[in-house]
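Here the structure is laid out as structure tokens; the discussion comes afterwards.
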Amino acid sequence: MIEQLFSECLVNGQQICRFRVIRPVFEDLCVGEPAEGYQAIEAISAPATVHALFSFLKRETKEYLIALHLDSKNHLICLDLVSIGSLSASIVHPREVFKSALLSSAAAILLIHNHPSGDTSPSVEDIDITTRLKKGADLLGIRFLDHVIIGNDYCSMTERGYC
């Protein structure tokens, strides 16, 4: 019933209804210094391009999971830092990945995470979450392009047949 959708409170002796409203909030991030070797790109589609743009993650001491939200022509529309983990693990839940993808109206997503050890071999957990996220994206009508692991080199889960 409608009574369950709002909470009541008293303000100056009057009964007031409060509704919880969700609004997407976006923030533009301006980079003050040009990135070394940065070149404007038309679209993000190749894992080598992802590696070139995010190779700085190989120097991090914690695992970072970043979701790139892309439009229908694979142009970047949003970047979401989904999770910061520990030296060897990061907690990932499909709900957290797709919440912002839906709010940004992403047509496609591409995941990136780093392995601080430098070894880009996918773990059992990496393969499992990639499979789950691919299924979730299919269900939501969002193209799941790839899950790229950054380290001393890179590993494309699509190229390995996991997507």
Side-chain angles (χ1 to χ4, degrees), residues 5 19-60 62-86 88-116 120-151 153-163:
L5 297 176
F19 291 90
R20 180 171 277 183
V21 178
I22 297 173
R23 293 186 187 113
V25 177
F26 298 94
E27 175 184 352
D28 290 333
L29 176 64
C30 296
V31 178
E33 301 175 16
E36 190 175 314
Y38 174 79
Q39 295 178 351
I41 53 172
E42 288 296 316
I44 297 175
S45 57
T49 304
V50 173
H51 179 252
L53 290 171
F54 292 91
S55 62
F56 65 89
L57 288 172
K58 69 182 173 188
R59 294 186 296 273
E60 295 296 332
K62 295 180 178 179
E63 281 198 12
Y64 286 76
L65 177 73
I66 299 171
L68 303 182
H69 301 181
L70 308 168
D71 66 13
S72 59
K73 297 189 184 222
N74 293 348
H75 295 122
L76 182 65
I77 55 174
C78 183
L79 181 135
D80 181 25
L81 177 58
V82 177
S83 174
I84 301 174
S86 64
S88 60
S90 182
I91 297 172
V92 183
H93 194 283
R95 174 180 54 241
E96 298 304 315
V97 173
F98 293 116
K99 176 173 52 176
S100 60
L102 291 169
L103 288 173
S104 71
S105 298
I109 62 169
L110 193 149
L111 293 182
I112 304 162
H113 90 272
N114 63 312
H115 281 177
T120 57
S121 301
S123 67
V124 172
E125 292 83 7
D126 292 337
I127 295 167
D128 179 53
I129 194 63
T130 300
T131 303
R132 290 178 62 207
L133 290 170
K134 170 71 171 122
K135 288 178 183 176
D138 290 344
L139 185 65
L140 294 170
I142 298 173
R143 288 180 292 121
F144 189 91
L145 299 181
D146 206 344
H147 179 178
V148 178
I149 302 171
I150 306 284
D153 197 11
Y154 70 91
C155 170
S156 164
M157 300 292 265
T158 297
E159 289 178 351
R160 295 235 179 147
Y162 297 117
C163 297

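Everything quoted here is computed from the prediction, not taken from an experiment.
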Which residues pass the side-chain hydrogen bond (donor to acceptor under 3.5 Å, both in side chains) test with T131, sequence neighbours left out?
none
Sub-4.5 Å side-chain heavy-atom contact between P116 and E60:
no
Is there side-chain contact between L53 and I44, with at least one heavy-atom pair below 4.5 Å?
yes
Those residues that, when tested against L139, pass side-chain contact (heavy atoms from CB on, under 4.5 Å) (two or more places apart)
none
OG (S72) and CD1 (I77) are apart, to the nearest 0.5 Å, by 9.0 Å
Could you pull out all residues at least two apart from T120 that satisfy side-chain hydrogen bond (donor to acceptor under 3.5 Å, both in side chains)?
none
Here the salt bridge (Lys or Arg N to Asp or Glu O under 4.0 Å) pairs for residues 95-113, sequence neighbours left out, are E96-K99
Applying side-chain contact (heavy atoms from CB on, under 4.5 Å) between I112 and each of D146, L57, I149, V82, report the one that passes.
L57
For V97, run the side-chain contact (heavy atoms from CB on, under 4.5 Å) check against L133, I142, D80 and tell me which one passes.
L133
Who are the ring-ring contact (aromatic ring centres under 6.0 Å, His included) partners of H51, not counting sequence neighbours?
Y154
Smallest heavy-atom separation, H113 atom then H147 atom, equals ND1-NE2, 2.7 Å
Sorted by chain and number, sequence neighbours left out, ring-ring contact (aromatic ring centres under 6.0 Å, His included) with Y162 holds for none
With E125 via side-chain hydrogen bond (donor to acceptor under 3.5 Å, both in side chains) - residues at least two apart:
S123
Would you indicate whether the side-chain heavy atoms of M157 and L111 approach each other to under 4.5 Å?
no
Below 4.5 Å, heavy atoms only, C-beta onward: do F54 and N114 meet side chain to side chain?
no
Residue pairs fulfilling salt bridge (Lys or Arg N to Asp or Glu O under 4.0 Å) with at least one residue in residues 133-145, sequence neighbours excluded
K134-D138
side-chain hydrogen bond (donor to acceptor under 3.5 Å, both in side chains) involving S55 - partner list, sequence neighbours excluded:
none
